[in-house]
Amino acid sequence: MTAIQTFFLQGSVSTLLSSQSSVTSCRKVSLKFTVSCCSATSPMAVVNGNVEKRPSDRTEVRIGLPSKGRMAADSIDLLKDCQLSVRQVNPRQYVAEIPQIPNLEVWFQRPKDIVRKLVAGDLDLGIVGLDTVCEYGQGDGDLIIVHDALEYGDCRLSLAIPKYGIFENVNSMKELAEMPQWTPERPLRVATGFTYMGPKFMKENGLKHVTFSTADGALEAAPAMGIADAIVDLVSSGTTLRENNLKEIEGGVIVQSQAVLVAGRKSLMQRKGALDITHEMLERLEAHLRAEGQFTVTANMRGSSAEEVAERILSQTSLSGLQGPTISPVFCKRDGRVSADYFAIVICVPKKALYKSVQQLRAIGGSGVLISPLTYIFDEETPRWRQLLSTLGL
Ligand SMILES: Nc1ncnc2c1ncn2[C@@H]1O[C@H](COP(=O)(O)OP(=O)(O)OP(=O)(O)O)[C@@H](O)[C@H]1O
Ligand SMILES: O=P(O)(O)OC[C@H]1O[C@H](OP(=O)(O)OP(=O)(O)O)[C@H](O)[C@@H]1O
Ligand SMILES: [Mg+2]
């Protein structure tokens with residue numbers, strides 16, 4: 001089998017629902033491809049990962065974590081930061097446990113197989129990149145994004161074209177679509193590993209004469225090798241594109257991706273314990289991720305009363321904290337009398353605003369400013385949980 005397989009877009013394509021809300025699902029889309037190495041009518045067709053969708057009566061809830069690649073270690077680390085330690089006896093063992101959640105089994109799988117197994121119902125929850133959910137979930141309405149921003153694995157799925165030659169002055173999808181060069185005899189040739197999202201995107205952008213080829217890696221070489229005119233691939237720092245003389249263009253970002261927690265709708269609705277486990281994981285993730293962006297700041301301030309100190313603090317934009325400052329009197333004994341001339345204040349400030357906050361504190365008379373890391377912020381209820389319940393119609 002050759003490294004590059006060519007296929008043509010034949011089927012209808014519809015839109016992926018935008019991921020503006022914290023809980024997103026993808027709409028069902030059907031595409032047909034003619035792949036040179038096998039056909040859908042082949043008597044020995046191999047289904048990806050699962051034989052058929054079938055109800056299972058297992059009692060454990062299963063979460064899939066990436067077994068390899070750049071998401072693997074970060075996923076374990078994230079859970080560890082949430083006090084969920086994955087106990088794996090050895091790295092070649094694909095099942096593990098999290099002692100803090102007894103009824104949860106961890107299965108290590110390749111990211112694409114996590115999505116396939118979620119669709120098949122063999123996994124209930126998974127952590128993967130949003131790009132993988134979109135590509136391998138193919139708009140399956142059963143997939144629900146429970147947490148859309150786990151804050152690692154940041155990248156985007158983008159279309160890129162050469163900086164040189166006929167593309168020199170092409171800087172947008174509109175300009176690419178309007179190039180006179182693309183005809184039925186000489187279509188735009190796109191190399192991509194994203195054989196679902198790539199064609200869908202091109203169709204949505206009105207590119208009619210397009211063919212696609214696929215390979216497992218180093219796609220950025222395809223234009224220089226003369227195999228393709230453009231590529232659709234993941235971009236993070238942009239270094240690989242730059243080093244290969246390729247550029248992104250306006251309107252060419254297909255998906256902004258990062259690690260997400262994804263679940264199967266049927267699992268959440270039908271598998272005993274799955275919804276409770278999802279709630280606990282969501283709470284832990286949110287508490288950790290909210291805290292990660294914040295510092296606790298304590299300082300002393302001279303003042304006549306807690307209210308007077310509060311007014312000074314709340315006059316500064318960077319010092320309002322999560323709900324407002326906590327202010328406690330600092331008692332001292334002077335001339336035999338106990339009095340509170342100082343107040344200790346505690347606020348949370350975004351890490352990004354740390355120095356500005358310290359400056360503002362000083363400006364209103366703050367002294368002895370102490371900064372400490374925050375581990376968890378548990379709020380009354382997480383907005384994502386409310387959103388999930390509403391998505392499930394609960
Ligand atoms: N350059 C990158 N920077 C950050 N995140 C990335 C980058 N490339 C990919 N990712 C994210 O990490 C996920 C896994 O990518 P990774 O390269 O580890 O595995 P893969 O491409 O599926 O497998 P392999 O590269 O071994 O074929 C991707 O689906 C994406 O969400
Ligand atoms: O914008 P950058 O930071 O340069 O990252 C982008 C590159 O990272 C990924 O490849 P990966 O390293 O996973 O290699 P692969 O092609 O073997 O999957 C992706 O497919 C790009 O080639
Ligand atoms: Mg890769």
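Whatever order the structure lists them in is the order used to number ligands and atoms, beginning at 1.
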Sub-4.0 Å atoms of ligand 1 with respect to non-hydrogen atoms of Leu234: 8 (N), 9 (C), 28 (C), 30 (C)

Which of the ligand 1 atoms, numbered from 1, are nearer than 4.0 Å to a heavy atom of Gly129: 31 (O)

Asp229/Arg189 ion pair, N-O < 4.0 Å: yes

Option nearest atom 17 (O) of ligand 1 (shortest heavy-atom distance, choices Lys112, Lys68, Arg70): Arg70

Those atoms of ligand 1 less than 4.0 Å from some heavy atom in Gly69: 18 (O)

Presence of salt bridge, Glu105 and Arg58, under 4.0 angstrom: no

Joint cluster assignment, Leu285 & Phe378, ILVMFWY side-chain distance < 4.5 Å: no

Atom 11 (C) of ligand 1 [closest protein heavy-atom partner, distance rounded to 0.1 Å]: Cys155 SG, 3.9 Å

Closest heavy-atom pair and its distance - Leu176, Phe167: CD1-CE2, 3.7 Å

Common cluster, Leu79/Tyr376, ILVMFWY with side-chain heavy-atom separation under 4.5 Å: no

Closest protein heavy atom to atom 31 (O) of ligand 1, given as residue, atom name and distance to 0.1 Å: Asp131 OD1, 2.6 Å

Lys/Arg-Asp/Glu bridge criterion (N-O < 4.0 Å) met for Arg386, Glu381: yes

Interfacing atoms of ligand 1 (cut-off 4.0 Å, heavy-atom, Thr132): 29 (O)

Polar atom proximity, Asp216 to ligand 1 (N or O, under 3.5 Å): no

Charged N-O contact under 4.0 Å between Asp113 and Arg116: yes

What are the polar N/O contacts of ligand 2 with the protein below 3.5 Å, with distances?
from     : atom 1 : to     : atom 2 : distance (Å)
ligand 2 : 1 (O)  : Ser236 : N      : 2.8
ligand 2 : 1 (O)  : Ser237 : N      : 3.1
ligand 2 : 1 (O)  : Gly238 : N      : 2.8
ligand 2 : 3 (O)  : Ser237 : N      : 2.9
ligand 2 : 3 (O)  : Ser237 : OG     : 2.6
ligand 2 : 4 (O)  : Thr240 : N      : 2.9
ligand 2 : 4 (O)  : Thr240 : OG1    : 2.4
ligand 2 : 12 (O) : Arg70  : NH2    : 3.0
ligand 2 : 13 (O) : Arg70  : NH1    : 2.9
ligand 2 : 16 (O) : Ala218 : N      : 3.4
ligand 2 : 20 (O) : Asp233 : OD1    : 3.3
ligand 2 : 20 (O) : Asp233 : OD2    : 2.9
ligand 2 : 22 (O) : Glu220 : OE1    : 3.4
ligand 2 : 22 (O) : Glu220 : OE2    : 2.7

Distance-minimising heavy-atom pair for Ala263 and Leu268: CB-CD1, 3.8 Å

Polar side chain donor-acceptor pair, Glu220 to Thr240, under 3.5 angstrom: no

Protein non-hydrogen atom found under 4.0 Å from atom 3 (N) of ligand 1: yes

Same apolar cluster (I L V M F W Y, side chains within < 4.5 Å links), Leu374/Val358: no

Part of Asp154 with heavy atoms under 4.0 Å of ligand 1, whether side chain, backbone, both or neither: backbone

Protein heavy atom at shortest distance from atom 1 (N) of ligand 1: Ser236 CB, 3.5 Å

Transitive ILVMFWY side-chain link Leu84 to Leu282, under 4.5 Å: yes

Under-4.0 Å heavy-atom contact between protein and atom 8 (N) of ligand 1: yes

Protein non-hydrogen atom below 4.0 angstrom of atom 22 (O) of ligand 1 present: no

Passing option when Leu157 is tested against Thr132, Val232, Leu130, Thr192 for side chain to side chain contact (heavy atoms under 4.5 Å, CB included): Val232

Heavy-atom side-chain proximity of Ser75 to Tyr152 below 4.5 angstrom: yes

Shortest protein heavy-atom distance from atom 12 (O) of ligand 1, along with the residue and atom involved: Met71 CG, 3.4 Å

